[in-house]
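Quantities reported herein were computed from a predicted structural model and do not represent experimental measurements. Values below: every heavy atom of this structure, side chains too, minus hydrogens, waters and symmetry copies. Atoms within each ligand, like the ligands themselves, are counted from 1 in listed order.
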Amino acid sequence: MNKISPNTMALAPNTSNKKQTVCIFGTGDFGRALGHKMIQAGYPVVFGSRSTQTSSLIPKEAEVLSHAEAAQKAAIIIIAIQRQHYNFLTPLTEILRGKVLVDVSNNLKINQYPESNAEYLAQLVPGAKVVKAFNTVSAWALQSGALDASRQVFVCGDDMEAKQMVTDIVHALGLTPLDQGSLLAAQEIENYPLQLFPMWKFPILLSLGLTTFFFFYSLIRDVIYPYVYEKKDFSFFIAISIPNRICPILALILLALVYLPGVLAAIIQLYRGTKYHRFPDWLDKWMLCRKQLGLVALAFAFVHVLYTLVIPIRSFVRWKISSQIVSQVLNNKTQPLDNTNAWLSDSYLALGILGFFLFVLLGITSLPSVSNNVNWREFRFVQSKLGYLTLILCTAHTMVYGGKWFLNPSSYRWYLPHAYMLSLIVPCTVLVVKCVLIFPCLDKPLRKIRQGWERNPQYSE
Ligand code: NAP
């Protein structure tokens with residue numbers, strides 16, 4: 001329920017027990033499912049249909065009449081018919097005068113028509129009070145009772161009394177009405193069921209692109225290069241080594257990309273000297289999907305942890321350790337403990353553990369059940385301050401782990417640097433720019449701009 005930022009006031013239910021007859025036009029899948037649910041909730045239901053013959057599919061407690069006869073029996077009429085057939089309502093205009101018409105329809109494409117179906121219905125039947133509702137609930141969910149994911153019913157309409165009547169029905173069916181305001185909101189409500197994870201599209205496509213890039217990059221460096229130059233077959237790296245390289249790299253880059261738009265927005269605001277100019281569309285969209293970017297990053301970090309846990313039981317790793325021991329025995333020479341290496345390895349593990357812990361904390365606080373229980377300042381503290389701390393720890397974890405290769409020319413293969421070096425570009429850029437923005441000479445004007453101050457006011461008093 002991200003797209004529609006609702007006035008999520010759940011309207012109060014009607015306390016009276018007596019249920020009014022509800023008329024449903026259309027005995028199709030949705031009409032029947034809704035009728036069945038309403039009968040269960042105690043509403044007398046009458047169907048308006050082109051054919052008055054009842055079928056075994058129609059609930060036997062309901063009457064099936066012609067449209068005109070059925071409409072006269074109820075104050076509320078649910079139009080469970082596709083928009084393209086609404087013309088049949090024109091001859092019924094007089095009968096429908098003053099009635100509440102509930103538009104439940106959806107379209108096949110986003111913004112398919114210039115006006116919403118509900119507004120079109122209101123134009124066709126001018127004397128009726130049109131309310132948009134139920135379009136986000138499926139016939140299958142109504143029938144099977146599997147309403148967990150779609151318990152919310154967006155309701156909008158211009159007539160408050162009509163909206164309240166529909167809201168009472170929504171409550172009686174065990175659903176949650178969410179008042180979206182006037183009929184102007186209908187188009188957005190109709191577009192809602194047609195969207196496919198809108199906020200997840202960019203993070204998922206980006207992760208797919210980066211995964212593909214880093215997979216082939218690592219394949220060239222770590223499998224093809226040793227095969228060409230040393231005739232060594234490391235193709236088994238594809239199973240664990242390469243994924244375990246890609247996962248931390250993606251986790252770090254995506255986490256940095258969560259904070260990059262904020263930094264860019266600050267630069268734009270400082271440059272323009274005002275916050276009253278819109279950001280470019282791409283930046284707006286990027287900012288809106290930061291939570292999803294962060295959650296995808298957390299998923300990669302989590303997989304990295306799992307891959308890391310299996311390292312000691314890998315055959316290649318056990319072979320490497322045993323051959324080192326054998327070589328020490330054969331040479332009768334014990335290798336002394338390299339203190340620097342021990343420090344580096346313990347530090348990078350500690351940084352990784354702390355970074356992952358904070359990463360998980362960030363993920364948990366972004367869950368609605370948690371974020372709804374903290375105030376705005378607490379949420380910003382966790383997502384901004386702890387977020388940057390996580391980014392610093394994870395960047396340091398990568399630097400300490402890969403640092404030894406960065407300046408070593410032998411780590412370049414076919415002039416390609418180690419993938420870890422590439423993974424540090426975005427996080428280091430974000431952290432450096434953020435550090436610069438903290439300087440009082442930039443931080444002060446930025447704060448003022450964010451409080452509404454303008455360098456060159458557009459409207460001077
Ligand atoms: P359906 O199974 O195709 O039923 C549509 C009904 O409309 C028909 O059974 C018919 O009822 C009536 N009809 C068809 N042509 C007509 C015409 N020329 N004139 C008058 N009535 C006509 O469709 P549905 O799945 O029930 O969907 C109905 C509406 O609910 C659609 O607007 C849809 O977008 C919306 N909706 C459906 C679902 C869902 O899960 N199915 C979910 C949300 C919203 P009679 O034979 O009784 O006249």
Quiz prompt | Basic-acidic side-chain contact under 4.0 Å: R83, E115 | solution =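 Result for this pair is yes, salt bridge flagged.
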Could you list all the salt bridge (Lys or Arg N to Asp or Glu O under 4.0 Å) pairs where at least one residue sits in [range], not counting sequence neighbours?
range	value
residues 302-316	none
residues 247-274	none
residues 376-395	none

Quiz prompt | Ring geometry between H418 and Y420 (parallel below 30°, tilted from 30 to 60°, perpendicular above 60°) | solution =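 Geometry flag for H418 against Y420: parallel rings.
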Quiz item: How are the rings of F214 and Y217 set to each other: parallel, tilted or perpendicular (split at 30° and 60°)?
Solution: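 Ring orientation of F214 relative to Y217: perpendicular.
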Quiz item: Listing by chain and number, which residues have a heavy atom under 4.0 Å from ligand 1?
Solution: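 The 4.0 Å shell around ligand 1 contains G26, T27, G28, D29, F30, S49, R50, A80, I81, Q82, H85, F88, V104, S105, N106, N135, V137, S138, A139.
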